Amino acid sequence: MVQLYNLHPFGSQQVVPCKLEPERFCGGGRDALFVAAGCKVEAFAVAGQELCQPRCAFSTLGRVLCLAYSEAGDYLAAIEEKNKATFLRAYVNWRSKRTENCRVCIRMVGHNVEAPFNDTYKDQMSIIEMPLTEAPLCISCCPAKGDLLVGCTNKLVLFSLKCQIINEEFSILDFERSLIIHISNIIPVEISFCVGYIALMSDLEVLILKLKSDPKNGENVNHQPHKTNNPMKQTEGASNETLQLESDDFVICQKPMELLGEKSSQSGISVTLESTGLADEKIKYYHVQHLLYKRFAPDISSYVLADDIKLHSLQLLPIYQTGSLTSGRKNLSQEKELLSLFCFFSLPHVGYLYMVVKSVELMSVYQYPEKSQQAVLTPQFLHVIASNNLQCFTVRCSAAAAREEDPYVDTTLKACPPVSMDVCALRIQLFIGLKAICHFKNHLILLTKADPETIPERRESPKRLLSRKGTSVKLKTPPVAEAGWNLYIVDTISPVQLYKEMVDYSNTYKTAKTQSCIHLLSEAHLLVRAALMDASQLEPGEKAELLEAFKESCGHLGDCYSRLDTQYSHLALPYYKMSGLSMAEVLTRADWVLEDGSQKYERGLIFYINHSLYENLDEELSEELAAKVVEMFHVAEPKQLPHILCSPSMKNINPLTAMSYLRKLDTSGFSSILVTLTKAALALKMGDLDMHRNEMKSHPEMKLVCGFILEPRLLMHQRKGQIVPTELAAHLKDTQPGLLVAAVLGLQKNNKMGIEEADSFFKVLCGKDEDIIPQLLVDLWEAQLVAGLPDVVLQELFFKLTSQYIWRLSKRQPPDTIPLRTSEDLINACSHYGLIYPWVNVLISSDSLVDKSYREDLSKLQSLICGPSFDIASIIPFLEPLSEDTIAGLSVHVLCHTRLKEYEHCIDTLLERCPEAIIPYANHELKEENRTLWWKKLLPELCHRIKCDGEKGQLYLSSLKETLSVVAVELELRDFLNVLPEDGTAAFFLPYLLYCSQKKSLT
């Protein structure tokens, strides 16, 4: 049985001043009501709380059998009967009809109205005749596009709404018969159409289809019938057997069936498409997708009447993307982006609500306390009428749509009550003699009529009610109008007002701590959410009020889930987030004391506080609230206490209070390192340096690094998106910089700190500007290179280090702190730092580099260039600040050119700047394929430069002798003679010639 809350969703009511007993009625957009009686349709103005007043009236061709209004296009469609013949007509521009006798334009569908067009026609109502080959049984208008779908005995006919342009200033509405859907084995009693989705219903069957506009397997649509599925074939023998069995002694009853998705194409109902639209039509439907087939079998044990076993109230309800309107047809309406679509249909005692967009799924089943006659579905409610009451049920449409619209629903960020939550009845309102109902905007239109005296009726044989062939629709002629009828407009109260009543009602369940409180508050939340989704219906200023109610409802649900010990306690977190409440406000709302005076902290509140403190909120709790949080976690989650104390929100906690709780912890069950580091941080806050040193000495450094990895907030916080180092980090910078760098490196290895975060951390910690790099950051980069972090791009790290080395060397800028590693340490620990070439040491020894830090930076840069991984070409543009005038700059430039195999350039440079290094350079670099440079480049250059006087002349002479010794060994005598200079002294070269001539005999 559905739970009933005695709430008040219905407000004021008024009587519609109809002259005749209504036969059909429907809403007309936001401000009109159409009532058909006899051969006349009356339009009434319905605006807010004002009385319903007649607006206009117009005559019809005959008695109205079916009435439908389309807000897109603002037209009224009707099936009319005259002389036992039925007609389909559309009434457009009806708002221009002032009096019943004013002129009316009648035209055939698709008839071209040629210019010149009389201006008086602009203010005339037009009636569009739509001839059909079969009698129309039911109609439905697409709420988004205004297209009209007509149900006949063996087919459905789709009329597309279009705009016919008469001239630049005027256009008229028209229809085009664009598609015929041939159906067999089912006769529609009701149909519903929405954005290509079709629902049709017979007495006991429901079929939902989707018209697909994309070609199937690249097929083209012909203007001939095209069969889109192959239904199950029923053999002729079986049909004959059924005919033989049908007699007064037997009842043929088909078993109930439900087929979802592609399986519904096996229902035995054939569907065939025939395109009749123009070739240039914008939207063409190529094939049909079957979504749902459901067949009911009635309970025939009591031989119920026909009306007791028929389906009724078929309806497709769309929910559109919030605020997403795209102008498709400028003169008709704004086409909306469909978010979700729901289908409702009902038996007399039970109703079914399906979701049908992405997947077909049964959402809710409604059990009515009494036999229903008709129902209407809205985004907020399901309204059902029985003979003597009006029932209001909740729906789950907004819950399903919210999950389609927002992917963050059902995460720690956002929540929404589940679609599977049981529906409930908000009210069952006594209303005598209800016969029919319709809904538009916030109005319910109810027809009541006093029942005449009961007249015994002959009960038909049940077989006529159950056989498919016996389901032809016969529109009954109403009896002569009698007194005792009324047509009412009942206003539903505003969502905010009903929401407040539901919240007040939920307070009765708070002390009991049951699921009923959550259930009713969830219903209130969904009510407000549904109203916000239907933004087009909101009055100015109403949206702000709804948003405030939405946040308040989230706060109430957060309170429930935080206080009640349920399996869904974790939902307190997203609901509190959506409420906009601060953590202090949530803690203030919390109910700490139980009825017996004891204190208990439910896991929902613990879960919320724990996550909130982990999320680096900018909010700082007061000392009192921070102490309460510490007490809470000491009782409920003692393992989380060190983590809680590291949160920036707990900045105002009294360190003595926090220390007292930490000392009570039994550290055997969890990490004692984390407790030690937390105590050390608190000791710094208390100013007790001795306690801090004792705590830090109680574990080796590598274990302390593990503690920092467990809780990074011991070193840094984030406030308003900015990194803020902690007091402990600042102290370690001065006392244990190696531990600090190792800790940050450990955080990076475990993906708890990014590369840019680490850079910012050290810059802020050392108080440096964005452009100035502190030595601790250089130490970290060197440590990253040694550790080989997988996420670090190697060349980017090389660039950072070389840029810093070059900047310091060019500016003669010493590091702000002592580097943690020397160049020798890096060469021994990291393969990326190579051994410095021997000739570089000779080159450097020619200059006196007194500054040790300067020499270290130079050695590290030279070692990187000598390493195997360095991309030399990338650094050449950045060497400009490092002048070749200095020996340090010269060594780096010559190293880079050597790595680029520019040996001749390097030989010229060294001969000019540092000739004492030329022979060590040649011995190291001029090998194998470069060995020819000894006699092709070096020997001629030395012979040319030896003529110089002074110190260099002696250096050149000694270098020439070394070169001749090498060449004499490498070349044959004839080749050796060819490379010797022609103007040389024979006596000087004679020893080398003798050695060259004798080397064969020596070997």
Side-chain angles (χ1 to χ4, degrees), residues 555 558-559 562 572-573 576-577 579-593 599 601-602 604-665 674-692 695-696 707-708 710-733 760-761 764-765 767:
D559 291 342
S562 68
L573 174 63
Y576 274 140
K577 282 185 178 180
S579 71
L581 292 171
S582 66
M583 193 165 28
E585 290 172 329
V586 171
L587 288 169
T588 305
R589 293 159 66 107
D591 187 8
W592 311 99
V593 183
Q599 291 185 340
Y601 308 109
E602 299 292 355
L605 182 62
I606 295 291
F607 185 81
Y608 164 74
I609 297 296
N610 195 10
H611 272 261
S612 297
L613 292 175
Y614 261 103
E615 289 175 356
N616 291 323
L617 299 176
D618 296 329
E619 179 185 4
E620 293 181 1
L621 296 177
S622 65
E623 181 179 346
E624 181 183 356
L625 287 177
K628 196 66 182 178
V629 169
V630 171
E631 179 188 352
M632 179 196 313
F633 278 90
H634 175 72
V635 174
E637 290 283 347
K639 291 182 180 182
Q640 294 296 322
L641 191 54
H643 296 283
I644 295 304
L645 290 170
C646 295
S647 171
S649 299
M650 299 289 288
K651 178 182 178 182
N652 297 322
I653 183 69
N654 188 323
L656 291 175
T657 303
M659 188 70 78
S660 65
Y661 280 106
L662 285 176
R663 286 170 177 162
K664 296 177 184 178
L665 290 179
L674 187 56
V675 177
T676 297
L677 288 173
T678 309
K679 287 180 179 179
L682 289 171
L684 274 182
K685 196 173 182 180
M686 292 161 47
D688 193 339
L689 295 180
D690 292 334
M691 182 190 298
H692 169 79
E695 294 292 345
M696 296 299 288
F708 287 118
L710 288 173
E711 184 47 78
R713 293 178 298 177
L714 283 164
L715 295 177
M716 69 168 186
H717 296 155
Q718 282 193 353
R719 291 177 185 166
K720 298 180 180 179
Q722 301 295 321
I723 293 178
V724 180
T726 62
E727 187 177 351
L728 177 60
H731 186 73
L732 292 178
K733 175 180 75 75
S760 299
F761 170 76
V764 175
L765 179 64

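Bear in mind that the values here come from a model prediction, so they are computed numbers and not experimental data.
- Between Tyr661 atom OH and Leu656 atom CG the span is 13.0 Å, to the nearest 0.5 Å.
- Side-chain atoms of Leu587 and Met632, non-hydrogen and from C-beta on, do get closer than 4.5 Å to each other.
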Full working for side-chain contact (heavy atoms from CB on, under 4.5 Å) between Leu732 and Phe708: CA-CA 12 Å; Leu732 292 178; Phe708 287 118; 3.7 Å; yes
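- Put simply, the side chain of Lys664 never gets that close to the backbone of Met659: no donor and acceptor are under 3.5 Å apart.
- Ring pair Tyr614/His643 is tilted by interplanar angle, where 30° to 60° counts as tilted.
- Using a 4.5 Å cut-off on side-chain heavy atoms (C-beta onward), Val629 and Ile609 make contact.
- Using a 4.5 Å heavy-atom threshold, the side chains of Arg719 and Pro648 count as touching.
- Rounded to the nearest 0.5 angstrom, Glu695 CD and Asp688 CG are separated by 9.5 Å.
- One distance of note links CG of Leu662 with CG of Leu645; it measures 5.5 Å at 0.5 Å rounding.
- For the pair Ala729 and Pro725, the tightest heavy-atom approach, listed with the atom from each and the gap, is CB-CB, 4.3 Å.
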Worked check of side-chain contact (heavy atoms from CB on, under 4.5 Å) between Ile653 and Glu623: CA-CA 5 Å; Ile653 183 69; Glu623 181 179 346; 5.8 Å; no
Intermediate values then yes/no, side-chain contact (heavy atoms from CB on, under 4.5 Å), Leu573 and Asn610: CA-CA 10 Å; Leu573 174 63; Asn610 195 10; over 6 Å; no
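- In terms of heavy atoms, Met691 sits closest to Ala683 at SD-CB, 3.7 Å.
- Judged by distance alone, the side chain of Ser647 and the main-chain N or O of Leu613 form a donor-acceptor pair under 3.5 Å.
- In this structure the side chain of Met650 reaches within 4.5 angstrom of the side chain of Ile644, judged on heavy atoms.
- His717 places a side-chain N or O within 3.5 Å of a backbone atom of Arg713 that can act as its donor or acceptor partner.
- Between Thr726 and Leu684 there is no side-chain heavy-atom pair separated by less than 4.5 Å.
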Steps toward side-chain contact (heavy atoms from CB on, under 4.5 Å) verdict (Ile723, Leu765): CA-CA 9 Å; Ile723 293 178; Leu765 179 64; over 6 Å; no
side-chain hydrogen bond (donor to acceptor under 3.5 Å, both in side chains) assessment of Tyr576 paired with Ser612: CA-CA 10 Å; Tyr576 274 140; Ser612 297; over 6 Å; no
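- A donor-acceptor distance shorter than 3.5 angstrom exists from the side chain of Glu619 to the backbone of Ala584, with no hydrogens or angles considered.
- Taking both residues in full, the closest heavy atoms of Leu728 and Leu677 are given as CD2-O, 4.4 Å, listed atom of the first, atom of the second, then distance.
- Classification of Glu615 and Lys577 as a salt-bridged pair holds, one side-chain N sitting under 4.0 Å from a carboxylate O.
- Taking each heavy atom of Leu682 and Ala658 in turn, the nearest pair found is CD1-CB, 3.7 Å.
- Listed for the Glu585 side chain is a donor-acceptor partner under 3.5 Å among the backbone atoms of Ser582.
- For Asp618 (side chain) and Lys720 (main-chain N/O), a donor-acceptor pair under 3.5 Å exists by modelled atom type.
- No donor-acceptor pair under 3.5 Å is formed between the side chain of Glu637 and the backbone N or O of Lys639.
- Under the 3.5 Å distance criterion, the side-chain polar atoms of Asn652 are matched with a main-chain donor or acceptor of Leu621.
- Rounded to the nearest 0.5 Å, atoms NZ (Lys628) and OG1 (Thr588) are 12.0 Å apart.
- The heavy-atom pair separating Ala680 from His692 by the smallest distance is O-ND1, 3.2 Å.
- In this structure, Ala572 and Ser562 approach most closely via the heavy-atom pair CB-N, 3.8 Å.
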